[in-house]
Amino acid sequence: MPELPEVETIKRDLETTIVGLCFTGVTLHWPRMLQNLTPEAFNRRLISQCIDGITRRGKYLIFQLSNGETLILHLRMSGSLRLDTACSYDPYIRAIFGFDNGANLYFRDPRKFGMIWLVEDEKQVVGKLGPEPLDQDFTSDTLKSILKNHTAPIKAVLCDQTVIAGIGNMYADEALFAASIYPARKADSLSNDEIKRLHCTLDTVLKKAINSGGASISDYRRPDGKSGEAQFVFKVAHQLGKKCDKCGTPIERIPIRKRGSYFCPKCQRKND
DNA sequence: CCCGGAACCTGAAGGC
DNA sequence: TGCCTTCAGGTTCCGG
């Protein structure tokens with residue numbers, strides 16, 4: 001499930017491979033991915049545009065086009081982007097972007113949740129997102145002012161894209177474990193010390209995952225088809241029943257807002 | 001405004 | 001073994 005570190009990894013991989021290339025056409029096997037245009041209009045506006053640059057906002061991948069417009073992709077649950085040619089007959093390829101050097105970029109997405117936009121202004125899509133957790137100006141005080149306004153469970157607040165952009169189920173669990181905070185705690189009940197710890201662990205958990213090339217839980221792959229490695233350093237996410245790294249207690253899972261939340265019942269106590 | 005729940009999808013996993 | 005149900009997950013939309 002691609003979250004901030006996975007999308008950042010894809011962005012960096014594609015920056016070295018497809019920036020400067022120009023689109024020659026798009027084949028859509030699942031047109032419902034298009035969020036704001038018909039396939040015909042989408043093709044018409046994309047063809048002959050070149051990729052000036054690639055950026056990321058939250059979990060959104062943003063391609064700056066030479067005409068000033070913006071192509072935006074969201075991988076949702078099961079999406080991945082591939083530059084390898086071996087996947088042309090893969091039944092889960094939903095879209096194929098062709099380039100003027102003969103290369104193809106494949107959008108693979110078994111569950112068909114992925115989304116594609118072509119817009120004049122990226123704010124039409126990413127305008128409501130909260131701040132980037134890895135930005136210089138996302139300080140402990142920023143986090144503090146955000147959390148004091150929310151009574152929902154801290155885990156749910158961390159995963160709310162309009163509050164902070166890019167954090168999902170896996171990295172919320174990892175950051176809360178590293179900060180020794182029970183995931184169902186109300187966000188506005190965290191102490192100053194806990195907020196400082198959480199700010200610190202969000203930074204380290206996300207950066208460590210980026211340095212590992214993202215986590216290949218489920219269908220995530222890098223554009224060259226390789227897996228990420230971040231799942232191997234997960235302490236709690238998808239580790240149900242395994243012994244906690246710090247104390248040996250088996251990792252448990254509880255639903256928060258219907259989402260599986262992994263934690264150590266001893267290191268992350270309800271009343272700390 | 002805030003919350004909860006359904007919908008979107010399909011492969012995997014669990015139940016009998 | 002095999003059919004059937006449930007679950008997982010991010011985002012959007014709808015209702016209370």
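So you know, we letter chains A, B, ... as the sequences are listed, proteins then strands, and number each from 1. Only heavy atoms go into these numbers, but all of them, side chains included; no hydrogens, no water, no symmetry mates.
Taking 4.0 angstrom as the limit, A:Arg32 places a side-chain polar atom (N or O) nearer than this to OP1 or OP2 of B:dC9. Here A:Tyr92 reaches the OP1 or OP2 of B:dG11: one of its side-chain N or O atoms lies under 4.0 Å away. Taking side-chain N and O atoms only, A:Lys112 has no distance below 4.0 Å to OP1 or OP2 of B:dC8.
Whole-Å rounding puts the A:Arg111 CZ to B:dT10 P distance at 10 Å. A straight line from CD1 of A:Ile164 to P of C:dT11 spans 13 Å, rounded to a whole angstrom. Atom NE2 in A:His29 sits roughly 15 Å away from atom P in B:dT10 (whole-Å rounding). Distance, A:Trp30 CH2 to B:dC8 C1': 10 Å, rounded to whole Å. Rounded to whole Å, atom C1' of B:dG11 lies 14 Å from atom CG of A:Asp90. Atom CZ in A:Arg108 sits roughly 18 Å away from atom P in B:dC9 (whole-Å rounding). Distance A:Ile72 CD1 to C:dT12 C1': 16 Å, rounded to the nearest Å. Between A:Glu3 atom CD and C:dA8 atom P the separation is 16 Å, expressed in whole Å.
Taking every side-chain heavy atom of A:Thr151 into account, B:dC3 is the closest of B:dC9, B:dC3, C:dT12. Side chain of A:Gln161, nearest nucleotide from B:dC9, B:dC3, C:dT11: C:dT11. Comparing atom distances between the A:Met115 side chain and each of C:dT11, B:dC3, B:dT10 picks out C:dT11 as nearest.
Note on ring orientation: taking the six-membered ring where Trp is involved, the planes of A:Phe23 and A:Phe99 are tilted (angle from 30° to 60°). Below 30°, between 30° and 60°, or above 60°: for A:Tyr171 and A:Phe234 the angle between ring planes is above 60°, a perpendicular geometry.
Residues A:Val205 and A:Glu174 share a closest heavy-atom pair of CG1-CB, 3.8 Å. Of all heavy-atom pairs between A:Arg108 and A:Pro110, the closest is NH1-CG, 3.8 Å.
With the end axes of the helix from B:dC2-C:dG16 to B:dC16-C:dG2 each set by five pairs, the angle from one to the other reads 60° at 10° resolution.
At a non-hydrogen distance threshold of 4.0 Å, A:Arg253, A:Arg259, A:Gly260 from residues 249-261 of chain A come into contact with DNA chain C.
Applying the 6.0 Å contact sphere to NZ of A:Lys144 captures no more than 12 heavy atoms from other residues, nucleotides or ligands.
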side-chain contact (heavy atoms from CB on, under 4.5 Å), that's the test. Do A:Asp52 and A:Phe63 meet it? Break it down for me. CA-CA 8 Å; A:Asp52 283 355; A:Phe63 299 81; over 6 Å; no
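Disulfide check for A:Cys247/A:Cys264 fails, with the SG atoms at least 2.5 Å apart.
Looking at A:Lys155 and A:Ser261, their side chains do bring a donor and an acceptor atom within 3.5 Å of each other. At a cut-off of 3.5 Å, with distance as the only test, a side-chain donor of A:Gln49 or A:Ser66 sits close to an acceptor on the other residue. Residues A:Arg82 and A:Ser80 have side chains that bring a donor and an acceptor to within less than 3.5 angstrom of each other.
Mapped onto DNA chain B by nearest heavy atom, A:Asn149 and A:Pro110 fall at different nucleotides, with A:Asn149 at the one closer to the 5' end.
Stacking here means ring centres nearer than 5.5 Å and ring planes tilted less than 30 degrees, and by that measure A:Phe113 stacks onto B:dC8.
Looking at heavy-atom distances under 4.0 Å, A:His238 makes contact with sugar-phosphate atoms alone, never a base.
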